[in-house]
Protein chains: 8
Amino acid sequence: MSPERVFELLERVRSGALDPKAAVAELGNLPFEDLGYARVDHHRALRQGLPEVILGQGKTAEQIVGIARSLLAAGQNVLVTRLAPEAAPAVLAALPELEHDALARTALALQTPPPLVPGGKVAVVTAGTSDLPVAEEALVTLRAAGVPAERVYDVGVAGLHRLLDRVKALREARALIVVAGMEGALPSVIGGLVAAPVVAVPTSTGYGAAFEGLTALLGMLTSCASGVTVVNIDNGFGAAMAVLRLVRAPTSETP
Amino acid sequence: MSPERVFELLERVRSGALDPKAAVAELGNLPFEDLGYARVDHHRALRQGLPEVILGQGKTAEQIVGIARSLLAAGQNVLVTRLAPEAAPAVLAALPELEHDALARTALALQTPPPLVPGGKVAVVTAGTSDLPVAEEALVTLRAAGVPAERVYDVGVAGLHRLLDRVKALREARALIVVAGMEGALPSVIGGLVAAPVVAVPTSTGYGAAFEGLTALLGMLTSCASGVTVVNIDNGFGAAMAVLRLVRAPTSETP
Amino acid sequence: MSPERVFELLERVRSGALDPKAAVAELGNLPFEDLGYARVDHHRALRQGLPEVILGQGKTAEQIVGIARSLLAAGQNVLVTRLAPEAAPAVLAALPELEHDALARTALALQTPPPLVPGGKVAVVTAGTSDLPVAEEALVTLRAAGVPAERVYDVGVAGLHRLLDRVKALREARALIVVAGMEGALPSVIGGLVAAPVVAVPTSTGYGAAFEGLTALLGMLTSCASGVTVVNIDNGFGAAMAVLRLVRAPTSETP
Amino acid sequence: MSPERVFELLERVRSGALDPKAAVAELGNLPFEDLGYARVDHHRALRQGLPEVILGQGKTAEQIVGIARSLLAAGQNVLVTRLAPEAAPAVLAALPELEHDALARTALALQTPPPLVPGGKVAVVTAGTSDLPVAEEALVTLRAAGVPAERVYDVGVAGLHRLLDRVKALREARALIVVAGMEGALPSVIGGLVAAPVVAVPTSTGYGAAFEGLTALLGMLTSCASGVTVVNIDNGFGAAMAVLRLVRAPTSETP
Amino acid sequence: MSPERVFELLERVRSGALDPKAAVAELGNLPFEDLGYARVDHHRALRQGLPEVILGQGKTAEQIVGIARSLLAAGQNVLVTRLAPEAAPAVLAALPELEHDALARTALALQTPPPLVPGGKVAVVTAGTSDLPVAEEALVTLRAAGVPAERVYDVGVAGLHRLLDRVKALREARALIVVAGMEGALPSVIGGLVAAPVVAVPTSTGYGAAFEGLTALLGMLTSCASGVTVVNIDNGFGAAMAVLRLVRAPTSETP
Amino acid sequence: MSPERVFELLERVRSGALDPKAAVAELGNLPFEDLGYARVDHHRALRQGLPEVILGQGKTAEQIVGIARSLLAAGQNVLVTRLAPEAAPAVLAALPELEHDALARTALALQTPPPLVPGGKVAVVTAGTSDLPVAEEALVTLRAAGVPAERVYDVGVAGLHRLLDRVKALREARALIVVAGMEGALPSVIGGLVAAPVVAVPTSTGYGAAFEGLTALLGMLTSCASGVTVVNIDNGFGAAMAVLRLVRAPTSETP
Amino acid sequence: MSPERVFELLERVRSGALDPKAAVAELGNLPFEDLGYARVDHHRALRQGLPEVILGQGKTAEQIVGIARSLLAAGQNVLVTRLAPEAAPAVLAALPELEHDALARTALALQTPPPLVPGGKVAVVTAGTSDLPVAEEALVTLRAAGVPAERVYDVGVAGLHRLLDRVKALREARALIVVAGMEGALPSVIGGLVAAPVVAVPTSTGYGAAFEGLTALLGMLTSCASGVTVVNIDNGFGAAMAVLRLVRAPTSETP
Amino acid sequence: MSPERVFELLERVRSGALDPKAAVAELGNLPFEDLGYARVDHHRALRQGLPEVILGQGKTAEQIVGIARSLLAAGQNVLVTRLAPEAAPAVLAALPELEHDALARTALALQTPPPLVPGGKVAVVTAGTSDLPVAEEALVTLRAAGVPAERVYDVGVAGLHRLLDRVKALREARALIVVAGMEGALPSVIGGLVAAPVVAVPTSTGYGAAFEGLTALLGMLTSCASGVTVVNIDNGFGAAMAVLRLVRAPTSETP
């Protein structure tokens, strides 16, 4: 049972639309599976059209396998992010249905392919080659959610002509995920070129004063292009989720 | 002439849809007014349906008046943000058509009221009373752009019952701007309650380890609710612009 | 001889309650065992009802074994914390009486089981799976001190319904240790739900702007729930000790 | 209605102890007074035995007066903290029933004196004269909550003899609030001298490398005395609230 | 006597080109004027073709006047930088020969106009209006040194078309001083457009995550355009001096 | 096609010097080779007289080899910087024409030796032995660009006599790259001794308060010698590129 | 009674050299005067040959006057440091026996002139004019303690010849206090020139990347001249006290 | 030839005490041995009575061996500090005359034992076991310089009685090196107990908010005990050198 459902229930009780008894009955049926180290929610995936996501970082291979197995057994799609190279072999050996993407550090099992989200493509843009792992994590997440996307790679601002060469793709996108490290200037330039939503993702590439992505993060937050939003350093998954919130938004209005 | 126009022109030349001569003619007509300290773009407002925005901070009252006067003379709407209390009297005396909002630190002149943006309300949410100036800046900006909005104030996470009392308004919003200082936890809780886009704005309220908004900023960036995006500290204007990008997005697809 | 004893002695001399000669005699009997690299205090454990604690970090396996052996020989209970995976085999091989907890990174020998501390359970709460090692360190420490505790795991604020599901356990606890990484918002929400003491422990989980626990630490320090206190990043042991100070406090008043 | 009440209600409904209808009736009566900029909770004070607390910082004098007036009209006690010298005259002129403490930067009105909390005194300890405002804020808060307290002032660690002179008072306290700036070493020394709970409060005194309290804060968090907990810089109020949680704790067990 | 002279002397003694006696005689004639709070070097200006520069910040009006008067009496040109608005009236009243530039915060007296440095113009570029004071400080310094310069103002990267409009001026410059605050992206874009030396100056404009210029500074240091160099935040004077080193360099080769 | 060419083209169209048709034709011929993970520009090297540079950090050995092979096949010179010791064997095995410098962490292939840049030597100066890798990276880059250079090593400011011993070499240099870690004081002293351009490179040597080069970086930025410019920590390549901009500058004036 | 006395007493009791009764009697006579906000120690000055020092910062004028009056009444010398310009008039009006030094921000009353400390002069060295207040604070403190000192001012490392001109004074000093802001390089150079103790004092002069003295502080801590020690930013008083410890050291050995 | 010698020479020339010709002759005989990567000074050891010190960190084993061999061949004593465990075997195999101390990470060869420095012992004090490597580095350095020293270990402030037990040793020391990590409070307490010089050394022990020694460093710099000086984190060598400057100081006065 999602939080939305809990509060919706409560609202309906308050407005008189729902019999309190029925409400109480539902409250007793929370469909968690308690694994000791995690409490797995078997209904979320079905509700949101997104695979359940397991953040691999900070979990042992055993924990990842345990959670994924519980979800798969319930018929859900599963996405593992930040799957460390050390943990990957054990996880993949235990769960051969997972498709591994070493560059994106993800493992994905789509038991039920997601329906395609209409409304156009999302552009995933990178400044340089070392931003690829983060961009690919965003792409895998979008694919798992059924959102079509297009790569616009290696268009850093110091080579403005390469960016210029791809401006058509940028301007046709319904939303843009812009991935950059170093000084993180790319979202500022792109934010000035397009009217669509821009989600900026700083990456931890670079060295010295790049401070593992902090400089790119701060640069993006103070972007002179207004209306650019930012997610955590290297958080390609989070950027994709932010896009998912907005491409889904209209459908949530449908009666 | 906007950058979009420049590149669109170039594209049309490349595709053969436009005669190069005509393109060159247009390139010679950039409608800037050069004030010495600033180069004012008289066409942007008409194109984007948003008043021209003057960031008051870092400018003298004279500079603000000069830019605003140039824009007003061209028939545009004008929004001044971060208008310091010291600069406000001189600006308002020189330009009585500006409507001052002391709490939001804005001055606004809508010579042409913007058309109402359809699709539902945006919720502007605050954790506490001291977050109001930032929230009100977002509200003035949304109003200037014709986006309807609703206040959901004083619902900080330490008083979960107050938040609970407003959950209906939160869930009905098409997008949410969530303004909070201190530890910045509110977007995490709200991000878990709604499926719509959440733009988090950290504020510089608090003291000591709040570090003038840095703690709230970092907290929001590492939010455990996925898909929350973040703008700069105290940047109510930027949050409203981010929302504007997404509520406008569908209309940009129209042929 | 504890510092308390030294100053108590001095006080009794000053008040006339103790003969100075006797005081001086006691002062000559400090029961340290000097190992060169450490001066082991054989009386503290007996006085405080807690095993002597050896912080494993920063010590060689040889030093840990040396100190532990000295304490065990004196009949004391021993708790080793932050026992690095590299050092553990050598330590455990040398001292088979130690019980190792790999997740909590502790080794414990209870030669004299501690008496149970009355007054109810302490809740040890985590936001996510990767907070477990820190929570388990707190639990081992509480166990070593005879304080009963209950796990309330995986109740992060982005899934408010899971937290809601456990609110009874939270409200019945006499004190709560709340362990969270990322933005560290959990203590704010829990601090608003319960009246009992809340000790917040930031963890170094997360990446990027989590800055190895700094963000959670700052978030907890600026919690909008008043009266929440904080210990060092990943310091499950310290949180348990803080709880021990308060659950013991009443008994120290007994004549 | 407090959050505790909301969830308690819910729990009683779930366990069958409460008729759902009655619960729903109560849910419709949330006693907030909505002032626009704040939503005032008129029941909290009566429930918790503590005056409603208004954080003065970040609020205008008008907002402070508005909230305080609403609370006073409902018969509640009121405590204003961090009342800026600039705002104080207007607040005090509007509400003469408030008692101002300029050093502590508080204003207090106890319409119903709180009952005395039994169980002994709390020691409020300072390292130096410039820590006084923070310590006095803690003392006013404790007084407002009915907790007896004793000052132990000017006992910084560089003058160990002055600390030694007061060790009796320290050891008799049921809990200690230790306020210090600069390097913040006092809680480490006191934490080694007493077994009772120690809440450390860093202050923003000092200059240069004191970094406005950051150094004291970090020093207290890494204290070599185990079980010391820490609150935000200059947060005397928060330290008093933490103590209130623990001195109240036993009474919450009473059926 | 400059350090160059001292070491040159030494070199000539070592090579046998200079009689040691003569060298020693010169060493006894250091032409400092000791004002107590400063030791004024009367020969430097003549040697370097630059006015003596007095950093106004950190000096009292009296000290500034004292040093300037000593230099003027010796017939030198004088440039005061960072002349605080509070100190300016007293300084200007005492020394009416100084020409004040309130925007640049400079005061300049050119008793001997510097000869024009050949080789083309230096472009001084700004991203926005609030970068003007720093740019103007650079311009006054260049003027004092006889280096011709051209303003290219208000060409921030979020409005790429305005930058495009001035690309000719950028590409014709022999060196560029690029002044920008916020995320500091302008030098990256310009560094990719021109082959000439680019000296980037971060400014303390902006708010929140701009951290008073730190973000721009770090962004410039990690610029993806190679060969961009950086000076201190707001250091327009330093940027001009860096340019002076390179426009002078060829002449120092002349025998 | 370089950005310069794009804009030059545009300028010529605007001025009437170029037929728009011809311009459009050229625009269709961007000579990128798209490798998927990178878009290689085959013309840049020929234009700038510098090998194409591949930043090895953040790229896999496969990516480095792929880009380098594409460039070499097009007849270009190639410089790989920050080639990690782990990646080097695979890269060198695949491309035996690369000359490896383990200390500088570079790999270089000069298929067409660059013409010697006239105008004198550049001095590459270090404070200590541990600054060598960074200095050598600068030297390899200068060599690849045909700029003659001279080593002035191990002349840290605490041994002023060693610096004094080399002052002649310093003063004869047309530009200086000054590499130092720890407190980064060397550029300040050298900046006071010479009139030529000084590019300071902080290094990440040292420990503790050196903070991996941050201290040296900040020290160099606040150098009391005016006109010193700074590049990123350990960025020997960037310093060489900055020098290249200035030694090339005069030739760009030639008609 | 000083801590030394307390422990000395204790030692003598332990060794049998003192009768415990006598010791206890002494323990009852601690000569504090308790002013409520401070506990004034009337014996310290006589013991240490130094005036009692009152840190003015963080104290009200009333508190400063109260403490000073108590000390003066007991016949002691008094030194007030960091006396804010706002507080000075009230303090000086109340206590006309205080001699004010506005530059050093001190007030001093030497009722009993200190005996001259033998062994040579201490050099107080500054890099620039804005370091004077800190240097003068050190000088006033040394004078109050009877230590002869010599000023060596305005010898920053970018003008090595001015430093060279004063090398004799530097080398004759028995100890050196070296005061510098900006990059803080002066102690490194001086530390390499002299064998005597060097106490480095960073100052908060400078702007931007000087970070209010942090850069100088870090630079001095990582000085490449070994054996340089550092005190807090702007802490001229502390540097003088450090020197006092070492010039006194030999006399403390005398039986 | 040391810098002192160079300037002394210059002084003697200036005063007429030395014939310039003789001076020039000496200037031609700088006894460096240039190894390419380092310039070894063969006279310094003899002058200062200290072995030449090689900072092992940042140097390859080959470089360390090269420098050490050159020094040993010239008959000097050699001390290698921060000799990494990886580099040690190669260094020790090449130079069997080096005595390795694995805990202190040093290698020492005393070909000429240093004369004993008179005047009493230096106390090297630690707070805990993990501070030992740094303390031992100080001890090896003192031994290499002939300064007698005494260990006072494991006397952290949370166990005041252990400190009290060693107060005699502390008070008899002519100077104290106080090594502590975590909050770094020990120098504050000791600084209040003794009148002799106290050099504080922060260590990088601890975790979380200890920030690898930064917290201890800042705590020591803001110590409330006046006159405590500080060296870099983990810099036991530097602390010993600071002590060496002061124990040597009197002898430099001898005619």
Side-chain angles (χ1 to χ4, degrees), chain G residues 2-4 6-8 10-11 14-15 47-48 53 55 119-120 141 164 167-168 170-172 174-175 189 191-200 202 217-218 220-223 225-233 235 237-253, chain H residues 2-4 7-8 10-11 14-15 47-48 50 53 55 119-120 141 164 167-168 170-172 174-175 189 191-200 217-218 220-233 235 237-253:
Chain G
S2 74
E4 291 88 348
V6 171
F7 290 107
E8 193 183 302
L10 211 59
E11 282 300 319
R14 286 181 64 185
S15 67
R47 279 191 324 269
Q48 303 199 344
V53 181
L55 175 67
T141 306
L164 182 66
V167 83
K168 187 166 181 298
L170 297 176
R171 289 177 51 74
E172 285 174 1
R174 69 179 301 181
V189 173
L193 290 176
V194 306
V198 174
V199 179
L217 172 65
L218 297 178
M220 290 168 174
L221 285 164
T222 55
S223 172
S226 56
V228 168
T229 60
V230 186
V231 296
N232 193 7
I233 297 164
N235 194 1
F237 165 71
M241 292 300 289
V243 164
L244 194 57
R245 282 180 183 264
L246 66 92
V247 299
R248 287 271 184 67
T251 67
S252 79
E253 299 292 315
Chain H
S2 74
E4 291 88 348
F7 290 108
E8 193 184 303
L10 209 61
E11 282 301 318
R14 286 181 61 185
S15 67
R47 278 192 324 271
Q48 300 198 346
L50 184 79
V53 180
L55 175 66
T141 307
L164 183 67
V167 83
K168 186 164 182 297
L170 298 176
R171 289 178 52 74
E172 284 174 2
R174 71 180 299 182
V189 173
L193 290 176
V194 306
V198 174
V199 179
L217 172 65
L218 297 177
M220 289 169 175
L221 285 164
T222 55
S223 172
C224 53
S226 55
V228 168
T229 60
V230 186
V231 296
N232 194 7
I233 297 164
N235 194 0
F237 165 71
M241 292 300 288
V243 164
L244 193 58
R245 282 179 183 265
L246 65 94
V247 300
R248 287 270 184 67
T251 67
S252 77
E253 300 291 315

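Letters A, B, ... mirror the listed sequences (proteins, then strands); counts begin at 1.
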Engineer: Please classify the contact between H/Val243 and chain G as side chain, backbone, both or neither, with a heavy-atom cut-off of under 4.5 Å.
Structural biologist: neither

Engineer: State the OG-CG distance between H/Ser223 and G/Asn235, to the nearest 0.5 angstrom.
Structural biologist: 10.0 Å

Engineer: Just by distance, do the side chain of H/Arg245 and the backbone of G/Ala175 share a donor-acceptor pair under 3.5 Å?
Structural biologist: no

Engineer: Measure G/Leu217 against the heavy atoms of chain H and call it side chain, backbone, both or neither at under 4.5 Å.
Structural biologist: side chain

Engineer: For chain G, find which of H/Val198, H/Asn232, H/Ile233, H/Val230 contributes the most heavy-atom pairs closer than 4.5 angstrom.
Structural biologist: H/Val230

Engineer: Going from CZ on G/Arg174 to CG on H/Leu246, what distance comes out if it is rounded to the nearest 0.5 angstrom?
Structural biologist: 11.0 Å

Engineer: With sequence neighbours left out, write down each residue that passes side-chain contact (heavy atoms from CB on, under 4.5 Å) with G/Ala239, or none if nothing qualifies.
Structural biologist: G/Ile177, G/Val199, G/Val201, G/Val231

Engineer: Could you check which of H/Ala242, H/Ser226, H/Gly238 has the highest count of heavy-atom pairs closer than 4.5 Å to chain G?
Structural biologist: H/Ser226

Engineer: Not counting sequence neighbours, which residues clear side-chain hydrogen bond (donor to acceptor under 3.5 Å, both in side chains) with G/Thr222? List them please.
Structural biologist: none

Engineer: How close do H/Leu221 and G/Leu221 get, heavy atom to heavy atom, and via which atoms?
Structural biologist: CD1-CD1, 4.3 Å

